[in-house]
Amino acid sequence: MDRLNNNNEKSELPANYEELKKSANRTSNWRERLDAVVELGQWKNKQIIDILTHRMNTDAVYKIREASFRKLKELGEDVQLPPRKKGELIKGVTKILLRIKKSLSQDHTYEEFKEKLKKMRLDVYDTYEGEQGADFDKWLESTWAELPTK
């Protein structure tokens with residue numbers, strides 16, 4: 001694959017552009033989005049710059065926003081890194097988690113809750129896993145424990 005080298009920029013699209021575009025927009029897999037951003041960032045093209053700009057401005061996972069920002073800077077774009085979102089990354093996440101908790105038996109375990117969340121709302125699971133990183137389990141378990149029971 002051709003990479004950007006100072007003045008030797010590739011302006012056409014990569015052969016796997018459509019696949020990368022889909023990956024960059026896949027809401028249930030932050031790692032796939034991140035990989036797509038990194039790969040797309042090797043090509044200077046208006047369509048790719050538009051995708052990277054959209055990811056930088058709208059992605060719920062800050063790692064992806066940062067990676068998009070870095071790639072856009074490398075491509076010579078005049079961009080500013082948006083601030084980290086405050087509060088809920090996904091609107092209504094507390095209601096979503098509460099609904100899942102209430103759908104389980106009263107004596108369910110944290111692991112059962114975690115698995116049901118992953119099955120029912122992979123987008124929520126994935127977004128918070130990407131944002132929380134190594135602290136995801138600690139965050140999810142404490143959030144689960146704080147949710148009211150039936």
| said: Within the 4.5 Å heavy-atom criterion, are Ile51 and Tyr17 side-chain neighbours or not? | reply: yes
message: Do Lys21 and Ile48 have side chains that approach each other closer than 4.5 Å (heavy atoms only, starting at C-beta)?
response: no
Value for CG (Leu34) from OG (Ser23), rounded to nearest 0.5 Å, stands at 11.5 Å
Shortest non-hydrogen pair, Ala24 vs Leu40, comes out as CB-CD1, 4.1 Å
Item to check | Pairwise side-chain contact, Pro14 with Glu39, heavy-atom cut-off 4.5 Å (strictly under) | outcome: no
Worksheet item: Can you tell me if NZ on Lys114 sees more than 12 non-hydrogen neighbours from other groups inside 6.0 Å?
Response: yes
Interatomic distance, CG@Leu72 vs CD@Gln80, rounded to 0.5 Å, equals 11.5 Å
Near Lys22 NZ, under 6.0 Å, is it more than 12 heavy atoms from other residues, nucleotides or ligands? no
Heavy atoms of Arg121 and Ile96 approach each other most closely as NH1-CD1, 3.3 Å
*Is it true that Val124 and Leu98 fall in one hydrophobic cluster, defined by side-chain heavy atoms closer than 4.5 Å?*
yes
Arg31/Asp35 ion pair, N-O < 4.0 Å:
no
Notebook entry, point to check: Is the closest side-chain heavy-atom distance between Leu140 and Tyr128 below 4.5 Å?
Noted result: no
One should read off an interatomic distance between Leu52 CG and Asn45 CG, to the nearest 0.5 angstrom, of 10.0 Å
Rounded to the nearest 0.5 angstrom, the CD-CE distance for Glu66 and Met56 is 12.0 Å
- Quick one: does Trp43's side chain get under 4.5 Å of Leu13's, heavy atoms only? no
On a heavy-atom basis, the closest approach of Val79 and Phe69 is O-CE1, 3.4 Å
* Asked: So Glu88 and Lys95, salt bridge (Lys or Arg N to Asp or Glu O under 4.0 Å) or not? Walk me through it.
  -> CA-CA 11 Å; Glu88 293 183 339; Lys95 282 184 182 178; over 6 Å; no
ask   = In terms of side-chain geometry, is the basic nitrogen of Glu129 or Lys118 positioned less than 4.0 Å from the acidic oxygen of its partner?
value = no
Practice task
Run the numbers on Lys71 and Glu74 for salt bridge (Lys or Arg N to Asp or Glu O under 4.0 Å), then give the verdict.
Solution key: CA-CA 5 Å; Lys71 288 299 179 182; Glu74 287 173 17; 3.3 Å; yes
Hey, mind stepping through Trp144 and Leu97 against side-chain contact (heavy atoms from CB on, under 4.5 Å) and telling me if it holds?
-> CA-CA 8 Å; Trp144 166 77; Leu97 297 176; over 6 Å; no
Does Val38 belong to the same Ile/Leu/Val/Met/Phe/Trp/Tyr cluster as Ile49, with side-chain heavy atoms less than 4.5 Å apart forming each link? no
So CD of Glu77 and OG of Ser68: to nearest 0.5 Å the spacing works out to 12.5 Å
Taking C-beta and beyond as the side chain, do Arg33 and Asp126 meet within less than 4.5 Å on heavy atoms? yes
- Would you say Arg55's side chain and Val37's backbone share a donor-acceptor pair under 3.5 angstrom? no
Margin query: Could you check whether any side-chain heavy atom of Asp59 comes within less than 4.5 Å of a side-chain heavy atom of Trp30, counting everything from C-beta outward?
Written below: no
Separation between CD (Glu32) and CG (Asn25), nearest 0.5 Å, reads 10.5 Å
Contacts of Asn57 meeting side chain to side chain donor-acceptor pair (under 3.5 Å) (sequence neighbours excluded), chain-then-number -> none
Using side-chain heavy atoms (C-beta onward) and a distance below 4.5 Å, is Tyr62 in contact with Arg65? yes
| message | With a 3.5 Å distance limit and no angle check, can you tell me whether Lys101 reaches the backbone of Leu147 through a side-chain donor-acceptor pair? | response | yes
On a heavy-atom basis, the closest approach of Leu75 and Lys44 is O-NZ, 2.6 Å
